Protein chains: 2
Amino acid sequence: MPRVLSPEVSVVDGRKQKVLATLIDDYIATAEPVGSRTLARKYAFGVSPATIRNEMADLEELGYLEHPHTSAGRIPSDKGYRYYVDRLMRPSALDPDVIEQIRATYRVRVRELQWFIHQTARLVAEMTAYPTVVLAPPLHEARLWDLRVVAIEPETVVLVLRTDTGIIQNRTLALPEGLDAKDVAAMAADFTTRFRGTLLAELQERVLDGLSHQLGHSWRLWEELLGWLAEAPDEAERVTLGGALNILNYPEFRDVSKVRRVLSFLETEAAIDSLLTRRPEHGVLALIGSEIDREDIQDCSVVMASYELGHKVVGTLMVVGPKRMEYRRVYAILETVSEELSRVLNWA
Amino acid sequence: MPRVLSPEVSVVDGRKQKVLATLIDDYIATAEPVGSRTLARKYAFGVSPATIRNEMADLEELGYLEHPHTSAGRIPSDKGYRYYVDRLMRPSALDPDVIEQIRATYRVRVRELQWFIHQTARLVAEMTAYPTVVLAPPLHEARLWDLRVVAIEPETVVLVLRTDTGIIQNRTLALPEGLDAKDVAAMAADFTTRFRGTLLAELQERVLDGLSHQLGHSWRLWEELLGWLAEAPDEAERVTLGGALNILNYPEFRDVSKVRRVLSFLETEAAIDSLLTRRPEHGVLALIGSEIDREDIQDCSVVMASYELGHKVVGTLMVVGPKRMEYRRVYAILETVSEELSRVLNWA
DNA sequence: CTTAGCACTCGGGGCATGGGAGTGCTAATT
DNA sequence: AATTAGCACTCCCATGCCCCGAGTGCTAAG
């Protein structure tokens, strides 16, 4: 008859914690269910397998471990991982080399936001060896700062849109007959003074409301121009994916259909967005397996962090991998990268 | 004792051709080795399996078919596919709907080249159901047309680079102290008049030769500016990949390691470049299995077509899939898409 | 409380077996 | 001479079986 265990107290028991932590570390490293003998031999526990066996049985009863089948070792449950992440794992100190690599990435001449986002996705994917998603600030939430016109040819101009978050989009535009670049430049200047500071989302709405009629300028041109303004926020590439193929390195994804599930998830903007409700304002946060409320990637974990621009939280980094993820390392990397990224974006 | 067959003549034999064509069609559709019985029953041949068997044995001896093992049906050899592509397959007429879908994609307001390339990759990947790569014209081969400066803030400007092929890149630049936007604009104008028409590759070289010294303007700014010009061609994203996940739908890629081989190939610019030596100037070309001289994707086929800009061949479309590819359909789609794309890029 | 001992469970690898698909040859048919 | 029926043969592969080993859970002794 099993001992009766009062849940929270017993896990606090030092040895149980050590067993759980060690088991999870081992399982993260090997992807094989861990047995009592392995645990006792491989790590210096100073107790016999039988003792460990008892502890493991308790941990299972408490819901921290599971049994794929009778004669296999144990694997962590979602609850087990959660406990590990919240209480057990020692924060990992990044190697100075690694920190230097991160800093070096951002130690560059002035670049545009999109460049930083790309580099970040690439960097984190490479360093963690998991697929990584970086979300750019949604253009809808940005405010118009500046609309400029560059004459390129008599009948062609380039529009340069700049927002308060420093995002720049440009777009070539053919001029309707009878207008030259100067007219357009004047219109743009007028437009800028009128609407500087307005949310792009709001402008978008107003366009649909027929803003162009009220402006009195050349009707057709404004239609095009405002049409573009209205489209720009939707067209902007918000999700940047790095190292998608990393997923193929993990044995839990030896099955092609699982690979498809995860990769389609990562390529679907709406899917990624659905995770954003959980985004942490500060620090790093993990969603483990069933904590993600989407069926398609229930056997994955997601680790997220935010970054700031103009001292406001605007974007997100996400690392996606098997539940058996190297949380320690990923936490450390995301912490450092999100800090450094925020720093460079805030020109500090 | 097998009959002696003079190679080229005998394949011309009508029935052998029909057997070969039908077998390949069936294999393309099913991915299963095709046996004589299946062939005779499923398609109205009017002869018995035994006869087909003889034909198949001949075709194998001639090198057009292979035998995975004694008791399996036949599959086409690379030579067989080649013969099929060159002589056997009837060109497929695209459905009017499909043609309309292609046209509609390009029936848009003025856009930049990069937009067309993205759309094309997406469109072809969706229509063929294979991964698709679109190559942009290499910036090295473009000529400087225009360098413009837009003042954004007192100490920040946006540079807009335009080439003869209409490619636009822009870049934010922080001004060194003591310079204002007007100075820079003047410099840029000067630069444009001096170097309009020069190959970017050449400019790149000259930069390395210390061009900035000769220009006499503010030394530091030119360094930055020219540094950017020198980098731009290398940074430009030349390879656009669409529908990478399509590869997962084909049973020959049920094995994750094969998926990895193909997808890493597609993500490696240098690898893609190595195929370019075979790019056709006109029309559509297939490389089948061993005809691709790279080991990593020997069990794939690549179908390519070029597109024109300014009436010069500058870029390439590639569809990548298993050797058992739907050549008919892919040929038809690539033909139409490359024509329509060239048309829209040439403003016709 | 810990541990040795031991019976028990279960998944998976190895091996034999049989069925089925397909071939290739021969001989008969047209 | 070409076609086809017949048939023996080959070989893959799914199935079932057995056995091994890893791991457990219980009991009883230290």
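The structure displayed is predicted, hence computed values, not measured ones. Order of the sequence lines fixes the chain letters, A, B, ..., with proteins taken first and strands second; residue numbering starts at 1 for each chain.
Atoms NZ (B:K42) and P (C:dG22) sit 11 Å apart, rounded to a whole Å. The CD1-P distance, from A:I52 to D:dG25, rounds to 14 Å in whole Å. Atom P of nucleotide D:dG23 and atom CE of A:M56 are separated by 9 Å, given to the nearest angstrom. Rounded to a whole Å, the CZ atom of A:R53 is 18 Å from the P atom of C:dC1. With rounding to whole Å, B:E55 atom CD is found 16 Å from C:dT23 atom C1'. Separating the CG atom of B:L59 from the C1' atom of C:dG22 is a distance of 17 Å, rounded to the nearest angstrom. When rounded to the nearest whole Å, the span between CG of A:N54 and P of C:dT2 equals 9 Å. If you measure from atom CD of A:E32 to atom P of D:dG21, you get 18 Å, rounded to the nearest angstrom.
Between the side chain of A:Y81 and the main chain of A:Y327, no donor-acceptor pair closer than 3.5 Å is present. When atom types are taken as modelled, the side chain of B:D78 and the backbone of B:G289 share no donor-acceptor pair closer than 3.5 angstrom.
Side chain of B:T51, nearest nucleotide from D:dT3, C:dG24, D:dA5: D:dT3. Closest contact between the side chain of A:R37 and the listed nucleotides D:dG23, C:dT23, D:dT4 involves D:dG23. Of the candidate nucleotides C:dT3, D:dG25, D:dG6, C:dT3 has the atom nearest to the side chain of A:A50. Distance from the side chain of A:A57 is smallest for D:dG25 among the nucleotides D:dG25, C:dG24, D:dA5. Distance from the side chain of A:V47 is smallest to C:dT3 among D:dG25, D:dC7, C:dT3.
Between B:R15 and D:dT3 there is a side-chain N or O to OP1 or OP2 distance below 4.0 Å. Distances shown here put a side-chain N or O of B:R74 below 4.0 Å from the OP1 or OP2 atom of C:dG24. A sub-4.0 Å separation between OP1 or OP2 of C:dG22 and a side-chain N or O of B:S36 is absent.
A side-chain donor-acceptor contact under 3.5 Å links B:D26 and B:Y43. Between the side chains of B:Y64 and B:D58, no donor N or O sits under 3.5 Å from an acceptor N or O.
For the pairing with B:E252, the salt bridge (Lys or Arg N to Asp or Glu O under 4.0 Å) check across B:R324, B:K258, B:K323 returns one residue only, B:R324.
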Please tabulate, one pair per line, each protein N/O and nucleotide N/O from nucleotides 9-19 of chain D that are separated by under 3.5 Å, including the distance.
{"unit_1": "D:dC11", "atom_1": "O2", "unit_2": "B:S71", "atom_2": "OG", "d": "2.9"}

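Heavy-atom contacts from other residues, nucleotides or ligands closer than 6.0 Å to CZ of A:R254 number 12 or fewer. Around the CZ atom of A:R261, the shell of radius 6.0 Å holds more than 12 heavy atoms that belong to other residues, nucleotides or ligands.
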